[in-house]
Protein chains: 2
Amino acid sequence: MAPRPNLSDIARALGVSSATVSNALSGKGRVSAQLSRQIAEKAKELGYVPSLAGRALSTGRSHVLGLVLADIGHPLFPQFAQAIEQAATRAGYGVLIGDSRGDVKTQTAAIDQLIERGADGIILVPRHGTRIAEINSPVAVIDTPSTPGNTVSADHWQGGRLIGAHLRDLGHTRLAIIGLHQDSNVQADRIGGIRTGFGPEGSVRTLWIDALEAAAGPGCELGLAELVRHGYTAFAAVSDIHALRAVSELQRSGLSVPAHVTVTGFDDLHWARSISPALTTVRMDMERIARLAVADLLLQIEPDRIAPPVDEAARPQAVPMELIVRSSSASPHGNLFPSQDNNNTDPDTLPSREGTNNA
Amino acid sequence: MAPRPNLSDIARALGVSSATVSNALSGKGRVSAQLSRQIAEKAKELGYVPSLAGRALSTGRSHVLGLVLADIGHPLFPQFAQAIEQAATRAGYGVLIGDSRGDVKTQTAAIDQLIERGADGIILVPRHGTRIAEINSPVAVIDTPSTPGNTVSADHWQGGRLIGAHLRDLGHTRLAIIGLHQDSNVQADRIGGIRTGFGPEGSVRTLWIDALEAAAGPGCELGLAELVRHGYTAFAAVSDIHALRAVSELQRSGLSVPAHVTVTGFDDLHWARSISPALTTVRMDMERIARLAVADLLLQIEPDRIAPPVDEAARPQAVPMELIVRSSSASPHGNLFPSQDNNNTDPDTLPSREGTNNA
DNA sequence: CAAATCTGATTAAGCGCTTAATCAGACTAT
DNA sequence: ATAGTCTGATTAAGCGCTTAATCAGATTTG
């Protein structure tokens, strides 16, 4: 296979200098319109493809962005990656991935690695506890507005408000929020938002899966049916995953969603629309977040770039989330357990623990 | 911030030539042990990091692999990405991602892009219909053994056999397989495997979600309860996603999994263990597949590399899948509808269509 | 002891591109 | 007519690294 043509091949074929070819192709120096056209033609004819390595060496810019995620295993990662890849490609950048395998130390290592590989900047979706300041390179952080150093992210709090208000508007008064663990800014924001949106009248409590599992083992029952008996008509999970688990558990308890109980999620994961009942949830505008993050990075990398389109100019830190009402939420009518503390339910309707999962 | 030191900085500091430094650091030329040590020390002291761009330009190898997926949005992508990233990192390579957004044309474009970016090779998880031959670069294809040109992949057929045999062993005799669409090699293999594993005695039929949705709209009911009435006791989905949907629909119909019906999935997605009932499924050995794919690629890129570890030497095309039995599968005892064609069920136990999803 | 060999280092060229500096010629302006 | 401007191109250096070729000196060899 023939080695790929380079600048001088074109130059030689046209009897000009390679600098002229470079100028013509990049539109930088002074080249007559006609020569410029000829060069462009010849380049296409020869199938010229600029060597990024050569360019990188010469300019000091690789046109590659590093994407580091706290945990590649996170179900939201695909959406992130896709959106970032798209935004980067549009800006003429490639995306190099790094994985921190959930570990903060590995994360730093991953970032260093990407920088060594020549990444011009890093997009970081951090694990809680990262010291962003230590990074010696342009960085855009996607976390949550309340985190210091956050560059751009979904407005998790506002998303929570959307959910809270939705539930209140449906007429729910007792709400249980399902969270994973306490030390996550994102979750804290979401929960804060839910509480705010739900309003001060209703009564709200929060369940921490972490704590429950620490006691009863991973995958254990969350005891939601019990809460329903105590008058809780709505469960707002801090992630679709937990919502799914909740729906699942409730249905196994003989409760129907949303006829008996309402369940909502967060993030609109891939399958949220295809389970039944389809999940009411809240979605981030990944596209927008990705575009903003990349735009911010480019601004750091090449400050004198062509001004970004107006719509980006605003560059809000917090991108609004969107409520997606599907069929897992409804008014709390026809509740199976209208009176509180009704413990004498038909055991057939509320089978206890049958089929708990222990692989 | 001080510009990063380069080879000649080290050379100057030690009063030697930069070639010597290069040789010492790469262990290639002839350098005395002592000088070599000094150089290594000085390098560390100055915080020297080799410029990949320089090296790439000089050697023609970027030490970057391109990862192209049919659809980054696919829920399995994280696992892929993570495994590949790991395998690549171990071999000293970075991973550049490309997304074909499900489109074959975009896919070709994505590959070209990565090559232009200097990727030394491509790992491709293709969309059905890709012309692999057209790729002008080392490629490793991860698809399914029955696809010509496949480099390495999970043994989907064998995985299917695992599922089929598991269901037969449990005592099921009527099985419905749930697939998405017909023109997928992977699905075809999985289904073929399931049928084979289930054996010729049982009766098996296949449901295509695609077809059903074309008729009744996306997210529609699959009519599984109806099948249960006709004596089907097991549903083997070709993906955890569809299994989830099946479980969900069955539970809403008042059927208990696995007490009444068995459901199995495929792929062991992230949440498969945390729904209830936890999903019986089959998992690919991503780690292994990724290692083999990367190893194969490296063999094409640098044929005279150090021989790979023995365990890789075998380099099977098809990596066995592993059956993961959880709680969604059980013997078909206590079926709610033991007799076939029992249509007179309590409507309360089988609510029809309430809460179908239309956002 | 001269010739051959080895060792440990240096020189120099080149990878493909960018870009500042330069230059020749043509065109204004005085 | 002569100095000053513009235009359209060229020259040349350099980005950081690798590597073949070279070389000086020390060590072996017949």
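Because the structure is predicted, anything quoted here is derived from the model rather than measured. By convention in this document, chain letters (A, B, ...) are assigned in the order of the sequence lines, proteins followed by strands, and residues within each chain are numbered from 1.
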Whole angstrom value for the distance that separates P of C/dA9 from CG of B/L14: 11 Å
A/Y93 side chain reached by A/L297 side chain, heavy atoms, under 4.5 Å: no
Sugar-phosphate, base or nothing in reach of B/S51, heavy atoms under 4.0 Å: sugar-phosphate
Under 3.5 Å donor-acceptor, A/N23 side chain and A/K28 backbone: no
D/dA9 phosphate, OP1 or OP2, under 4.0 Å from A/S32 side-chain N/O: yes
Spacing between A/R55 atom CZ and C/dC17 atom P, to the nearest angstrom: 8 Å
Under-4.0 Å salt bridge between B/E41 and B/K44: no
5′-ward residue of the pair B/R30/B/P50 relative to DNA chain D: B/P50
Under 4.0 angstrom between B/K28 side-chain N/O and D/dT18 OP1 or OP2: no
Separation of D/dT10 C1' from A/L7 CG (nearest whole Å): 15 Å
Sugar-phosphate, base or nothing in reach of A/S22, heavy atoms under 4.0 Å: base
Nearest listed nucleotide, side chain of A/S17, among D/dT18, C/dA9, D/dT10: D/dT10
Proximity to the side chain of B/S58 - top-ranked nucleotide from C/dC15, D/dT19, C/dG16: C/dC15
Between C/dT18 (P) and A/E302 (CD): distance, integer Å: 14 Å
Length of the CG-P vector between B/N6 and D/dG14, whole Å: 13 Å
Position toward the 5' end of DNA chain C (nearest nucleotide), B/T59 or B/S18: B/S18
Residue whose nearest DNA chain C nucleotide is more 5′ - A/L52 or B/A19: B/A19
B/T20 and B/S17: side chain donor to acceptor below 3.5 Å: yes
Length of the line joining A/L57:CG and D/dA13:C1', which is rounded to integer Å: 13 Å
Test item: side-chain donor near acceptor, A/N185 and A/T147, under 3.5 Å: yes
Sugar-phosphate only, base, or nothing, as touched by B/T20 at under 4.0 Å among non-hydrogen atoms: base
Gap between atoms CG and P, on B/L25 and D/dG16 respectively (whole Å): 16 Å
Distance, rounded to the nearest Å, where B/Q38 contributes CD and C/dG8 contributes P: 14 Å
